[in-house]
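To start, the structure under review is shown below, and the notes come after it.
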Amino acid sequence: MKTFPTNWPIPTRQVYEGRYVRLSPLQADEDAEQLYRAGHEPAEALQLWRHLWYGPFANADAMRAWLRSLQDTIDPMFFTVTDKRTDRR
């Protein structure tokens, strides 16, 4: 049976380019507007928050404040996923 390492390496805070998406370290001030729209518009997107302990947010500024509290953490480390075709987060 294959076992997992006991200590996983912490990823480097850098941009990771894939074929279809780009993972970028979370930058609250740059990412908040698009992330807010993706998770709050249209109304059906609000279902995303049903099973999470945070959100939905009253507005993009409230989400930005929350994202600021996360952007410099190491464990967990947060990344923004961007569709390379549309440049949407």
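Just so you know, these numbers come straight off a predicted model, no measurement behind them.
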Problem - Which residues share a salt bridge (Lys or Arg N to Asp or Glu O under 4.0 Å) with Asp72, sequence neighbours left out - result: none

Handout entry: Single-linkage hydrophobic cluster, 4.5 Å side-chain cutoff, Met77 and Val21 together
Key = yes

Handout entry: CA sep, side-chain torsions, deciding dist, call: Leu35, Leu26, side chain to side chain contact (heavy atoms under 4.5 Å, CB included)
Key = CA-CA 11 Å; Leu35 292 176; Leu26 176 64; 4.3 Å; yes

Fill in the blank from the handout: Tightest non-hydrogen contact, residues Ala62 and Ala58, listed as CB-N, 4.3 Å

Fill in the blank from the handout: Output for pair (Gln27 CD, Leu67 CG), nearest 0.5 Å, gives 11.0 Å

Handout entry: Salt bridge Asp29-Arg68, side-chain N to carboxylate O under 4.0 Å
Key = yes

Practice task
Determine whether Val15 and Tyr20 fall in the same hydrophobic cluster, where Ile, Leu, Val, Met, Phe, Trp and Tyr are linked whenever their side-chain heavy atoms lie under 4.5 Å apart.
Solution key: no

Handout entry: Donor-acceptor under 3.5 Å (Glu17 side chain, Arg22 main chain)
Key = no

Practice task
Following the transitive rule for hydrophobic clusters with a side-chain heavy-atom cut-off under 4.5 Å over Ile, Leu, Val, Met, Phe, Trp and Tyr, establish whether Leu48 and Met63 coincide in one cluster.
Solution key: yes

Practice task
For the residue pair Ile74 and Ile10, establish whether any side-chain heavy-atom pair is separated by less than 4.5 Å.
Solution key: yes

Exercise for the section: With Pro56 as reference, evaluate Arg50, His40, Gln47 under the side chain to side chain contact (heavy atoms under 4.5 Å, CB included) test and give the passing residue. Expected result: His40

Handout entry: Charged N-O contact under 4.0 Å between Arg88 and Asp83
Key = no

Practice task
For Arg64, check side-chain hydrogen bond (donor to acceptor under 3.5 Å, both in side chains) against everything at least two apart and list the hits.
Solution key: Glu33, Asp61

Exercise for the section: Quick one: do Thr80 and Thr82 satisfy side chain to side chain contact (heavy atoms under 4.5 Å, CB included)? Show the steps, please. Expected result: CA-CA 6 Å; Thr80 300; Thr82 303; 4.3 Å; yes

Exercise for the section: Would you kindly confirm whether Tyr16 and Trp8 end up in one hydrophobic cluster when ILVMFWY residues are joined by side chain heavy atoms under 4.5 Å apart? Expected result: no

Practice task
Could you tell me the separation between the CZ atom of Phe57 and the OH atom of Tyr36, rounded to the nearest 0.5 Å?
Solution key: 10.0 Å

Completion exercise
Rounded to the nearest 0.5 Å, the CZ atom of Phe79 sits from the CD atom of Gln71 at a distance of 13.0 Å

Problem - From Ser24 atom OG to Glu30 atom CD, the distance as rounded to the nearest 0.5 Å - result: 9.0 Å

Practice task
Give a yes or no on whether Leu52 atom CG has more than 12 heavy-atom contacts from other residues, nucleotides or ligands under 6.0 Å away.
Solution key: yes

Exercise for the section: For Trp49 and Gly39, indicate whether the former's side chain and the latter's backbone hold a donor-acceptor pair under 3.5 Å. Expected result: yes

Handout entry: Nearest atoms (heavy-atom pairs only) where Ala32 meets Ala60
Key = CB-O, 4.2 Å

Handout entry: Closest non-hydrogen atom pair between Ala45 and Ala38, with its separation
Key = CB-O, 3.6 Å

